[in-house]
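Just below is one structure, and these are the notes that go with it.
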Amino acid sequence: MRQTSRAGWLRCLIVPLAAALLWGTALSALADDACPAPQQIVDNTARLPALQETPFLAERVKAGKIATVAERMPRVPSVVDHFAGKDGPGRSGGEIVTLMAIAREVRMMVVYGYARLVAFDERLHLVPDILQDVDVEDGRIFTLKLRPGHRWSDGAPFTTEDFRYFWEDVANNAELSPSGPPLEMLVDDKPPKVEVIDATTIRYTWDKPNPFFLPAQARPAPLFIYRPAHYLKQYHQKYADPAELKKKIDALRQRTWASLHNRLDDMYRNENPDLPSLQPWILESRPPFQNRITFVRNPYYHRVDASGVQLPYIDRVHMNLVSPSLIPLKAGSGESDLQARYLRFDNYTFLRQGAKQFGFDVRLWETGLGSHLALYPNLNYAEPIWQLVLREPNVRRALSMAIDREEINEILYVGMATPSNNTVRPESPLFREEYRSKYTRLDYKEANRVLDKVRFTLPDGSEGDVRQRNGRGVRLLPDGRPMVIVLETAGESTEETDVLRLIADSWKKIGVELVTRPQTREILRGRIYSGETMMTIWGGLENSVPDARSNPAELACLSQAVLWCPKFGQYRETGGKSGEAIPESLEVVRELSDLAERWSRTADCREQERIWHRMLQIHADFQYSIGIVSGVKQPVVVTSKLKNVPHSGVYSWEPYAFFGAYRPDTFWLSEKK
């Protein structure tokens, strides 16, 4: 990856999250400076080894069903000479099992597989992966160089035609993309100039810097700016024979060609086994999925170790579907070779008991969240009176002060966690103690005093408060209803239930009743986004160890995925076509979004640092999300035969993609435990 920027702008991309981040058995400190020096990135593709045929594919090669490894690999493959687990190069072959709860989690193999145009490594350096090289000029001109000879999983060439197809025929097709191109492709609402230079070179040019473009390619759910054009053209009105296309629409019971194309085109959902892929493992099972979903190695995968062995090392990955409540039991009985999803810290003792008997190891990784769990009052809750209540900062402050975090820590986390707001961790150079501790000290007296002073201007113009209580001591809303907060959960974790039970006991002492209502994860998301959910509980900030160059989007209403203001985020994402504009009465919420936009428009790291501190201060002051504790460890079950899985790591969605940044394509199975 080369920097040709005269302004030094690429520093904001090379180390966008943490320049000197090292994760060991405990998190080690970052440099004090929030604007560290840029890291030089060197691609190691120059040292090309002699390629070895993959044993799993040897029979197919011999039968002439697929090409030899020399013909399958790019002419300039990505050469791996570093392994996160330190076990070094391994042997090819074998199968592993992991456990998931629902068939929709088939997408997790895209997360774990983590083949990206550019990718974060385990040190959070942004490096070329699928791409051979990236050239960036002034932060606004991006020239992407593909690996010559790279092929899709079905053997078809992967070229810039796949990028052109996405840009012209998908992103800018009104039927396929009614909202237009992705927001990360727009700067001041203007798209880039896209130039196809040749079959392996494409250039994107904006008038101003675009700090989101490259990091978006490295996300757990990446911005796929390419598509397998050779496959999808048969479903596109522009290219397909009308009669044949009509047959395909009818066969899959779709209403239009666009709905058919979108159904078959989703590279993240990963539910179409016929969709060519660049991931290390490709879907082998066909929907509807039953109890086991199987993924098989991609014969055309672009990475190779220094000995000439094509990755991934492992031939097949099986995803067994079981009830989430049974996953800790099955993992503790040796039924998973690699498991962290659906395991909690309170499972650790049980897992350790089964480790010796069933031949696996239990490791404790960091979770990397701003708060292990956080409460999210929904400012877009549709009921008018409750909307007023939830939008009142003093209500949220009082709720925070009435949580006994020390009790939660001692009972559920044996004192190993830290009471905390949902904010950056001490390992971040942006950390300040006030961000973590403001309104977190248990103080029922002050919480009651604050609630007694709250006043609302009701929709009819009259004044209201929550001072009055009913016979059970529960405060009354201005319309006489009891102040009962209905908190909806994904219903997947007894840990959440235990936390909420303790919070409910505490909130009774300030006259607030808490009722929990479980939903499925998908239904819950839909209810939050539509304003039907009053409050929910979820993990905290994903990027809890940022430096000034990290994107602060999590702290602003830029997306419907921001759980405390989903409709404000929808409005921004759709250009006002859906959702709600932030009202003038919520001037601080508007300020957060303005600050996030300012951050994206400046290359001055000190200005970005000032923006970060203002946003963190606002969140500490206004409690838009209510953190509980941070620093909770994540159990990771690893079969004794599985090598190169780090003993210490960070298990988080972003930026690590759970296991993704540690490159599971380099994990291998030993013949001996």
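- Counting non-hydrogen atoms of neighbouring residues, nucleotides and ligands closer than 6.0 angstrom, the CG atom of Asp479 exceeds 12 such neighbours.
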task: Start with the C-alpha gap between Thr418 and Asn409, add the side-chain angles, then the distance that decides, and say whether side chain to side chain contact (heavy atoms under 4.5 Å, CB included) holds.
output: CA-CA 7 Å; Thr418 302; Asn409 185 22; over 6 Å; no
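- Of the possible donor and acceptor atoms, one in the side chain of Ser530 sits under 3.5 Å from a partner among the backbone N and O of Arg527.
- A distance-only check finds no donor-acceptor pair linking the side chain of Gln570 to the backbone of Ser578 [under 3.5 Å].
- The aromatic rings of Phe345 and Tyr413 sit tilted, their planes meeting at an angle between 30° and 60°.
- In this structure, Ser506 OG and Tyr444 OH are separated by 3.5 Å, a value rounded to the nearest 0.5 Å.
- Within the 4.5 Å cutoff, side-chain heavy atoms of Arg501 are placed close to those of Asp498.
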query: What do the steps show when you test Gln560 against Lys567 for side chain to side chain contact (heavy atoms under 4.5 Å, CB included), and what is the final call?
result: CA-CA 6 Å; Gln560 72 172 2; Lys567 286 197 171 185; over 6 Å; no
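- To the nearest 0.5 Å, atoms OG (Ser420) and CG (Asn422) are separated by 7.5 Å.
- The two atoms that bring Ile626 and Arg405 nearest to each other are CG2-NH2, 3.8 Å, heavy atoms only.
- When the shell of 6.0 Å around CZ of Arg517 is examined, it contains 12 or fewer heavy atoms from other residues, nucleotides or ligands.
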- request: Start with the C-alpha distance between Lys330 and Asn320, add both sets of side-chain angles, then the distance that settles side chain to side chain contact (heavy atoms under 4.5 Å, CB included), and finish with yes or no.
  value: CA-CA 11 Å; Lys330 288 182 172 291; Asn320 289 352; over 6 Å; no
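- A distance of 4.0 Å separates CZ in Arg397 from OH in Tyr439, rounded to the nearest 0.5 Å.
- Here the side chain of Glu542 pairs no donor or acceptor atom with the backbone of Gly540 at under 3.5 angstrom.
- No donor-acceptor distance shorter than 3.5 angstrom exists from the side chain of Ser428 to the backbone of Val424, with no hydrogens or angles considered.
- Salt-bridge annotation for Arg341 and Glu105: present, with a side-chain N of the basic residue lying under 4.0 Å from a carboxylate O of the acidic one.
- The closest side-chain heavy-atom distance from Leu283 to Val106 is below 4.5 Å.
- Under the 3.5 Å distance criterion, the side-chain polar atoms of Arg396 are matched with a main-chain donor or acceptor of Leu390.
- Annotation for Ser652 and Thr367: closest pair CB-O, 3.3 Å, computed over non-hydrogen atoms.
- Taking the charged nitrogens against the carboxylate oxygens, Arg441 and Asp443 do have a contact shorter than 4.0 Å, which makes a salt bridge.
- Taking the side chain as every heavy atom from C-beta outward, Trp612 and Leu595 never approach each other to under 4.5 Å.
- The backbone N or O of Pro419 sits nowhere less than 3.5 Å from a side-chain atom of Glu406 that would complete a donor-acceptor pair.
- Atom CD1 in Ile503 sits 4.0 Å away from atom CD1 in Ile628 (nearest 0.5 Å).
- Heavy atoms from other residues, nucleotides or ligands lying under 6.0 Å from CD of Glu410 number more than 12.
- Under the 4.0 Å criterion applied to side-chain N and carboxylate O atoms, Arg475 and Asp452 are assigned as salt-bridge partners.
- With Gln634 contributing its side chain and Ala340 its backbone, the two residues share a donor-acceptor pair below 3.5 Å.
- Side-chain contact between Thr440 and Met401 is absent, with no heavy atoms from C-beta onward closer than 4.5 Å.
- Between Leu338 and Val637, the closest side-chain pair of non-hydrogen atoms is not below 4.5 Å.
- Distance alone, capped at 3.5 Å, places no donor-acceptor pair between the Asp266 side chain and the Arg263 backbone.
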- request: Check the pair Asn421, Gln623 against side-chain hydrogen bond (donor to acceptor under 3.5 Å, both in side chains), reporting the backbone distance first and the verdict last.
  value: CA-CA 8 Å; Asn421 280 318; Gln623 296 288 306; 3.2 Å; yes
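- Remark: the Arg391 side chain and the Ser585 side chain contain no N/O donor-acceptor pair separated by less than 3.5 Å.
- Asn270 and Gln279 share no donor-acceptor pair across their side chains, judged by distance under 3.5 Å alone.
- Between Glu488 and Thr536, the side chains place no donor N or O within less than 3.5 Å of an acceptor N or O (distance only, hydrogens not considered).
- Using a 30° and 60° split on the angle between ring planes, Tyr435 and His613 fall in the tilted class, from 30° to 60°.
- A cation-pi arrangement is absent between Arg363 and Tyr651, since the terminal nitrogen or guanidinium carbon is not both under 6.0 Å from the aromatic centre and inside a 45° cone about the axis.
- Considering only heavy atoms from C-beta on, Leu563 stays 4.5 Å or farther from Ser625 through its side chain.
- The ring of Tyr114 has its center no closer than 6.0 angstrom to the ring center of Tyr662.
- Closest of all the heavy-atom pairs between Ile582 and Arg590 is O-NH1, 2.7 Å.
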- prompt: Yes or no on side chain to side chain contact (heavy atoms under 4.5 Å, CB included) for Phe568 and Asn380, after CA distance, side-chain angles and deciding distance?
  reply: CA-CA 8 Å; Phe568 299 154; Asn380 296 126; 3.2 Å; yes
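- When all heavy atoms of Thr457 and Leu388 are compared, the closest pair comes out as O-CD1, 3.6 Å.
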- request: Apply salt bridge (Lys or Arg N to Asp or Glu O under 4.0 Å) to Arg104 and Glu522, showing your working.
  value: CA-CA 10 Å; Arg104 293 175 72 93; Glu522 294 302 319; 3.8 Å; yes
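- Using a 3.5 Å distance cut-off with no hydrogens or angles, the side chains of Thr294 and Glu284 do not pair a donor with an acceptor.
- Side-chain atoms of Ser559 come within 3.5 Å of backbone atoms of Ala561 as a donor-acceptor pair (strictly under, hydrogens ignored).
- Ionic pairing of Arg425 and Glu366 is present here: one or more N-O contacts between side-chain nitrogen and carboxylate oxygen are shorter than 4.0 angstrom.
- Annotation: Trp538 is not in aromatic contact with Tyr376 [ring centroid separation under 6.0 Å not met].
- Closest non-hydrogen pair, Pro377 versus Tyr624, comes out as CD-O, 3.5 Å.
- Using a 4.5 Å heavy-atom threshold, the side chains of Glu532 and Asn378 count as separate.
- In this structure, the separation between CD1 on Ile510 and CG on Leu399 is 5.0 Å, given to the nearest 0.5 Å.
- Qualifying side-chain contact (heavy atoms from CB on, under 4.5 Å) partners for Asp337, counting only residues two or more places apart in sequence or in other chains: Ile96, Val97, Thr639.
- The closest side-chain heavy-atom distance from His619 to Trp564 is below 4.5 Å.
- Trp507 contributes atom CH2, which lies 5.5 Å from atom CG of Leu514 (distance to the nearest 0.5 angstrom).
- Shown here for Val629 and Ser371, the closest heavy-atom pair between the two residues is O-OG, 3.2 Å.
- Ion pairing of Glu392 with Arg455 is absent here, as no side-chain N (NZ or NE/NH1/NH2) approaches a carboxylate O to less than 4.0 Å.
- Ring geometry for Phe659 versus Trp365: interplanar angle over 60°, hence perpendicular rather than tilted (30 to 60°).
- Salt-bridge formation is not detected for the pair Lys508/Glu513: no Lys NZ or Arg NE/NH1/NH2 atom is positioned less than 4.0 Å from an Asp or Glu carboxylate oxygen.
- Listed for the Lys641 side chain is no donor-acceptor partner under 3.5 Å among the backbone atoms of Val638.
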